[in-house]
Protein chains: 2
Amino acid sequence: MIEESTLAQIKQKLRAYNLKATQQRLVIYKALQATEGHPTAEQLYEMVSKDNPSLSLGTLYKTLEAFVAVQLIKKVACEDGAMRFDANLSTHNHIFCTNTQEIIDFEDKELHTLITAFLKRKNIDNFEMTDFQLQINGQKVNPKKKVQIT
Amino acid sequence: MIEESTLAQIKQKLRAYNLKATQQRLVIYKALQATEGHPTAEQLYEMVSKDNPSLSLGTLYKTLEAFVAVQLIKKVACEDGAMRFDANLSTHNHIFCTNTQEIIDFEDKELHTLITAFLKRKNIDNFEMTDFQLQINGQKVNPKKKVQIT
DNA sequence: TTACTAACTAAGAATTATTCTTAAATAGCA
DNA sequence: TGCTATTTAAGAATAATTCTTAGTTAGTAA
Ligand SMILES: [Mn+2]
Ligand SMILES: [Mn+2]
Ligand SMILES: [Zn+2]
Ligand SMILES: [Zn+2]
């Protein structure tokens, strides 16, 4: 979906944000970027732990927080109580299955244009909008199959 | 904004969902309904505790959970880690201030119609949508003043 | 190169938000 | 008015996240 960055590109990004390009950060960013879904910190920890058994959960949380702060990744609040993380920075929305707790990306330029245009017309006083996020709730019919937008 | 229910009406609703109309439940529902904002469980606890010092936090959580289950109220996941609760069942969206962590209701029939119509056109395969929720992020210019939609 | 140092990490303790357990209380019904 | 399934209070337990601190390292500069 998204083209993944090379190691050099990631290092460059980190430097641009005044973040040292540590092994841990590179590993975490690459793992998140390689993930199709929207993993919790714990899930991401499982993924990176295999090849990096000494990487600690505290570092993972701290790293994710740092990435969110500089907007290298996004944080998605989820009704099940755990935060999810998303390396997909393109403007996109989310489909949420209330059964499986899956978050599925829903990229649609037209929808985005539609909402943007609408909000531009409205006057929201005393508020500076930075972005918006549409969450479509429901449930997968067959939980084993993928959700397809056509 | 929303017309608040009378005690009798609330009791009736609870009975309709096979929930006993206990003092605690009535107090909690009335408190949430009377609230302009979208309080956390803890905030709601502060509110009801004043007049009901024996009502426990565990009961509050359990009650809110029961209300959400029967769809008497809604739960709103928030980036700060705590869930917020909303007695406003009308289809409406939320403006979120990333500074003050406030959630402000944004009711707009036109917007809702717009998005509904769009989604109806799209085919989301293997998924049954129940509802959707737009969150507009940004920050209040003057944190002490209200956000006004004009 | 090597040395320096501010930034970072590992480990585990602490905190916060929420859920669970259990004995006592009570709403609704007979 | 009594019965009983449901609910509550209190506190323990758990889950998610943050904090603390001593040791490590990336980047810089001699
Ligand atoms: Mn509301
Ligand atoms: Mn939590
Ligand atoms: Zn996404
Ligand atoms: Zn609301």
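Proteins come first, then strands; the chains are lettered A, B, ... in the order of their sequence lines, and each starts at number 1.
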Ring centers of A:His38, A:His94 separated by less than 6.0 Å: yes
A:Leu57 or B:Leu57, whichever maps to the more 5' nucleotide of DNA chain C: A:Leu57
Interface polar pairs with nucleotides 21-28 of chain D, N/O, under 3.5 angstrom:
| from | atom 1 | to | atom 2 | distance (Å) |
| --- | --- | --- | --- | --- |
| D:dA26 | N3 | A:Lys20 | NZ | 3.1 |
| D:dG27 | OP1 | A:Ala21 | N | 3.1 |
| D:dT28 | OP1 | A:Arg15 | NH2 | 3.0 |

Closest approach of A:Asn142 to B:Asn126 (non-hydrogen atoms, all atoms of both residues): N-OD1, 2.7 Å
B:Asn18 CG to C:dA27 P, straight-line distance once rounded to whole Å: 17 Å
Residues A:Asn93, A:Asp108; criterion side-chain hydrogen bond (donor to acceptor under 3.5 Å, both in side chains); working and verdict: CA-CA 8 Å; A:Asn93 296 297; A:Asp108 192 301; over 6 Å; no
Sugar-phosphate only, base, or nothing, as touched by A:Thr40 at under 4.0 Å among non-hydrogen atoms: nothing
Contact summary for A:Ala31 and A:Thr35, nearest pair of heavy atoms: O-OG1, 2.7 Å
Worked verdict on B:Asn137 versus B:Gln135 for side-chain hydrogen bond (donor to acceptor under 3.5 Å, both in side chains): CA-CA 6 Å; B:Asn137 299 305; B:Gln135 182 176 314; 2.7 Å; yes
Short side-chain N/O contact to C:dT9 OP1/OP2 from A:Thr59, under 4.0 Å: no
Sub-4.0 Å heavy-atom contacts from residues 60-70 of chain B onto DNA chain C, ordered by number: B:Tyr61, B:Glu65
Interatomic distance, B:Asp80 CG vs C:dT16 C1' [rounded to whole Å]: 11 Å
Electrostatic pair B:Glu102:B:Arg84 at N-O distance under 4.0 angstrom: no
Spacing of B:Gln139 atom CD and B:Asn99 atom CG [to the nearest 0.5 Å]: 5.5 Å
Note, A:Met47 side chain near A:Pro39 side chain (heavy atom, < 4.5 Å): yes
Worked verdict on A:Leu119 versus B:Phe106 for side chain to side chain contact (heavy atoms under 4.5 Å, CB included): CA-CA 11 Å; A:Leu119 291 175; B:Phe106 177 44; 4.0 Å; yes
Lys/Arg N to Asp/Glu carboxylate O, A:Lys75 vs B:Glu79, below 4.0 Å: no
Stepwise side chain to side chain contact (heavy atoms under 4.5 Å, CB included) check, A:Ile149 with A:Ile95: CA-CA 11 Å; A:Ile149 296 119; A:Ile95 295 173; 4.0 Å; yes
Inter-end axis angle, the helix from C:dT1-D:dA30 to C:dA30-D:dT1, with every axis fitted to five base pairs (rounded, 10 degrees): 30°
